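What follows is one structure encoded as structure tokens, with my remarks underneath.
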Amino acid sequence: MSGIGIPQPRVDGPLKVGGGATYAADVKIPNLAFGVLLCSTIVKGRIATIDTSLASAQPGVLDIITYQNCPPFQKPSKPISSQGQSLVPLQGADISYYGEHVGVVVAESFEAACAAADLVKIDYSPANVPSQFAMAKFAKAAGGARDTTWGDFAGALAKAPVKVDQQYTTPYLHHNPIELPATTASWDGDILTLHDSTQWLAGVRTLVAALLGMPPVNIQVLSPFVGGSFGAKRVTWPHVYLAAVAARLVRRPVRLVVTRAQMYTTLGYRPQTVQKITLGAQRDGTLQAFRHIAATTTSEFDNFIEPASAKTGMMYACPNGTFSRTLAKVDLGTPTTMRAPGESPGFFALECAMDELAYAVTVDPLKLRLLNYADVDPTTNSPWSSKSLKECYAKGAAQFDWSKRKASPGSMRDGPLLIGMGMASAAYPANRSPAAASVTLFADGHAVVQSATHEMGGGTYTAMAVIAADELGLDIGQVQVQLGDSNLAAASVSGGSRTVNSVGPAVEAAAIQVIDKLVTLAIADPESPLYQAEASQVFAAGGSLRLKNKPSSADPIQKILARHNLPSMQMTASTAPNAAASKYSQYAFGAHFAEVRVDPKFGEVRVSRYVGAFAAGQMINPLTARSQLVGGIVGGIGMALLEESVVDPNIGTFISRNLADYRLPVHADVPAIEIILVPEQDTVTSPLGTKGVGELGIVGAAAAIANAVFHATGKRIRDLPITPEKLLSLDASHPRAIQRRQHVRK
Ligand code: MOS
């Protein structure tokens, strides 16, 4: 059985499990050479000398590319949004951050390249200025960072009898996809082919074309499978274009794989956030004033903003509010989008602050959310495109047995362990971009769907097959999906949870056009049982066109094509968001309920139960939607309890640079997570009724866990991650942690 909304196993599952799925570093290409990045080991200064003599003499070494022999890159005439960082490496001797690319060693094998890379001797003249890696100096973000206000925040706060005014902090974080970023570049004359691990085929093409000064049509980017990304492969990072340059210089295809350690300095990261939330409320908990200020870090040379404060004002009804953001420049590479950028740190702060307000007014945390339920978006007064959050609260709370929670902290126990129950809300924008797709129906009855979109674990192949099969009236097994090729019909970045919302309608529209064309042929064909029928009375099902009031009168699709001597029929559709949709505030919503068990002797926190209830419009495939939401919550467990990238100011970079030191949640950290999908149709955002689930699951998850930890222990940890040392410290609040972050290298 297939169809929209019916659980469907992944169509690409067997390929992935059986090793048949080819990732960017798996492609077999004859005469392949291997590149290895050289990265700076100082923070700031200049390269004094480069000695490649020993390295060049090693067996198998083909070339060593440094600023001394790298051809200059073109300067794009205007900023390109897929450029991960504006600083283009290998253009001079200056160094701006630890890990900046200073060369590429190319050899016959990966091993030979690595061995030679170790023998390249680079001497630096470090700059004699202190470097900084944390929120030491604040700067107003250049451009686009105005305060947003509604009502009279200051006046309302002054009059509010109850106030919560707290600071919340989140550390640097790294995406850590299991597939390391990789590019395999090959030239055929002026034509460049890039097998690249990317969330944005068109972004790679545009940027590489601009930097190499070549027409975009001469570049084909292939990325049929991406082995996890979490935002790391959204924009194009320097290793991609360096692979292309290396391949041109050695006149051979070159594969460049970023190592795990290099991943920590080469692909961005989530910046630190310091957030201040101020709530003013009536004694019953009704919000009167809301303020969210977020400071986040960025590099010296780019103004990347983690919009932590930009998407929280919409959550609760509050007549007076303001939010703003500031940027602090640090001596690291440019940060980037990661796992709901903005919303995940922002909702950690907001949802913890709401929990603090609940205790301040002695109202149940769930009741407090219902008391302040926003029937319109308070920041704009726009209506919601759809909102079923009350159902999420109700169903989640019932499944979790929230009513069994005892109100006071530290009041629930399981033997020596403290039990805590916490909850939080979730919201994530229902993003949609223009996208195109082609659908081709073949005379043997199978169909091919094509679009330059991406599969990075979310289930795009399956979702698009489901949509096309549904519209074409075929079984899902008769639909083949091709994606991950920039030469296919254009689609947007697969970021911001937008793939199904954007590409789904294009696949649907192309399939509808194919069926419309078949219907036109059939009803004009005296040999068809549908001859002279009303087009509107014909639908596709079971491989045939059928009459609505007499479904047994069927004309098989194969026969229609055969009678018209058509080997195939192809239609391409381009779709874009409905202009009228901009009148609405478009979000998916959800509710998290977490239970933790805390060992008070050791400060160990275990998430013991978890229920998430989500309303994100129509589910195309509930099975993969559920997996995405579980994945988001697992990311939330990591954010709450484990993940942290620490900068050592003496070295000038992240000290965690492998999967042992960067603590990602593993199976032992993750309980059975129950996901409730609340039925919903969003008629505004997408004709399919969808809103997107890619990032919704992580938003609020860390707060639900932090709130559960408070409920268990009475200790409010406002600085992530919640580690045993913070729980055990006599003063569990955060000043020490903040101090650590504000350390400035002397
Ligand atoms: Mo995603 S973190 O929006 O690429």
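Numbers here are sequence positions counted from 1. The structure displayed is predicted, hence computed values, not measured ones.
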Hey, mind stepping through Thr298 and Lys329 against side-chain contact (heavy atoms from CB on, under 4.5 Å) and telling me if it holds? CA-CA 5 Å; Thr298 187; Lys329 297 274 187 178; 4.0 Å; yes
Tell me whether His592 contacts the main-chain N or O of Ile698 through its side chain, where contact means a donor paired with an acceptor under 3.5 Å. no
Heavy-atom closest pair (Pro271 atom, Thr296 atom, distance to 0.1 Å) is CG-CB, 4.4 Å
Would you say the side chain of Asp355 lies within less than 4.5 Å of the side chain of Arg716, judging by non-hydrogen atoms? yes
I want to check something: taking the side chain as every heavy atom from C-beta on, are Thr723 and Arg663 in contact at a cut-off of under 4.5 Å? yes
If you take all heavy atoms of Ser656 and Val646, which pair is closest and at what distance? OG-N, 3.7 Å
So does Gln288 get a backbone contact from the side chain of Asn320, meaning a donor-acceptor N/O pair under 3.5 Å? yes
I need the Arg432 CZ to Lys691 NZ distance, nearest 0.5 Å. 14.5 Å
Kindly indicate, with the supporting measurements, whether the criterion side-chain contact (heavy atoms from CB on, under 4.5 Å) is fulfilled by Tyr316 and Leu350. CA-CA 10 Å; Tyr316 298 107; Leu350 171 71; 4.0 Å; yes
Take Asp302 and Ser86 through the test side-chain hydrogen bond (donor to acceptor under 3.5 Å, both in side chains) and record every step on the way to the result. CA-CA 7 Å; Asp302 287 311; Ser86 61; 2.6 Å; yes
I'd like to know whether Ile305 forms a side-chain contact (heavy atoms from CB on, under 4.5 Å) with Leu327, so could you lay out the CA-CA distance, the side-chain angles of the two residues, the decisive distance to 0.1 Å, and finally the verdict. CA-CA 7 Å; Ile305 294 170; Leu327 272 180; 3.8 Å; yes
What I'd like to find out is whether the side chain of Tyr168 reaches to under 4.5 Å of the side chain of Cys352, using heavy atoms alone. yes
Mind checking the CZ-CG spacing from Arg413 to Leu418? Nearest 0.5 Å is all I need. 4.5 Å
No-hydrogen, no-angle side-chain donor-acceptor test under 3.5 Å, Tyr393 and Ser425: yes
Close side-chain approach of Thr286 to Asn372, heavy-atom, < 4.5 Å: yes
Is Glu643 salt-bridged to Arg270, going by a charged N under 4.0 Å from an acidic O? no
Any chance you could measure Thr713, atom OG1, to Asp599, atom CG, to the nearest 0.5 Å? 12.5 Å
On a heavy-atom basis, which atom in Leu368 and which in Gly285 lie closest, and how many Å separate them? CD1-O, 3.5 Å
Where is the tightest heavy-atom contact between Tyr584 and Ser382, given as atom of each residue plus distance? C-CB, 4.3 Å
Do Leu370 and Lys390 touch side chain to side chain, with heavy atoms closer than 4.5 Å? yes
Main-chain N/O of Ser608 paired to Arg597 side chain as donor or acceptor, under 3.5 Å: no
Leu629 versus Val693, closest heavy-atom pair with distance: CD2-O, 4.0 Å
Do Phe654 and Tyr662 have ring centroids that are under 6.0 Å from one another? no
As an exercise, state the distance from CZ of Arg291 to CG of Leu157, rounded to the nearest 0.5 Å. 7.0 Å
Begin with the C-alpha distance, continue with both residues' side-chain angles, and end with the deciding distance and a verdict on side-chain hydrogen bond (donor to acceptor under 3.5 Å, both in side chains) for Thr169 and Asp719. CA-CA 5 Å; Thr169 52; Asp719 175 54; 2.4 Å; yes
Judged by atom type as modelled, is there a donor-acceptor pair below 3.5 Å linking the side chain of Asp331 to the main-chain atoms of Gln132? yes
I'd like to know if the side chain of Trp150 reaches the main chain of Cys318, judged simply by a donor and an acceptor atom lying under 3.5 Å from each other, with no hydrogens or angles considered. yes
Any donor-acceptor pair under 3.5 Å linking the side chain of Thr148 with the backbone of Thr322? no
May I ask you to decide whether Arg369 forms a salt bridge with Glu351, counting only side-chain N to carboxylate O separations under 4.0 Å? yes
With a distance cut-off below 6.0 Å to the six-membered ring centre and an angular limit of 45° from the axis, does Lys387 pair with Tyr373 as a cation-pi contact? yes
Does the side chain of His175 reach to within under 4.5 Å of the side chain of Arg234, using non-hydrogen atoms? no
Counting distance only, does the side-chain N/O of Glu306 pair as donor-acceptor with the main-chain N or O of Thr273 below 3.5 Å? no
Is it true that Asn501 and Thr690 share a donor-acceptor pair across their side chains at a distance under 3.5 Å? yes
Taking atom types as modelled and ignoring hydrogens, do the side chains of Ser494 and Gln199 form a donor-acceptor contact shorter than 3.5 angstrom? no
Could you give all pairs that pass the ring-ring contact (aromatic ring centres under 6.0 Å, His included) test and reach residues 274-297, with sequence neighbours left out? none
Side chain of Ser502, backbone of Ser433: donor and acceptor closer than 3.5 Å? yes
Atom pair OH/OG1 of Tyr172 and Thr297 - distance to nearest 0.5 Å: 3.5 Å
Would you say Lys163's side chain and Thr278's backbone share a donor-acceptor pair under 3.5 angstrom? no
Is Tyr269 reaching over with its side chain to a backbone N or O of Gly333, donor-acceptor style, under 3.5 angstrom? yes
Is there side-chain contact between Arg405 and Asp364, with heavy atoms separated by less than 4.5 Å? yes
side-chain contact (heavy atoms from CB on, under 4.5 Å) evaluation trace for Leu173 with Leu720: CA-CA 11 Å; Leu173 296 172; Leu720 293 184; over 6 Å; no
Rounded to the nearest 0.5 angstrom, the CD-OG distance for Gln628 and Ser497 is 7.5 Å
Given Glu595 and Lys404, is the salt bridge (charged side-chain N to carboxylate O under 4.0 Å, His left out) satisfied, shown in steps? CA-CA 12 Å; Glu595 182 191 87; Lys404 301 225 168 85; over 6 Å; no
Determine whether Pro409 and Phe710 make a side-chain contact, defined as any pair of heavy atoms from C-beta on separated by less than 4.5 Å. yes
For the residue pair Tyr587 and Trp384, does the interplanar ring angle fall in the parallel (under 30°), tilted (30 to 60°) or perpendicular (over 60°) class? perpendicular
Looking at every heavy atom in both Leu389 and Gly590, which two are closest together, and how far apart are they? CD1-O, 3.3 Å
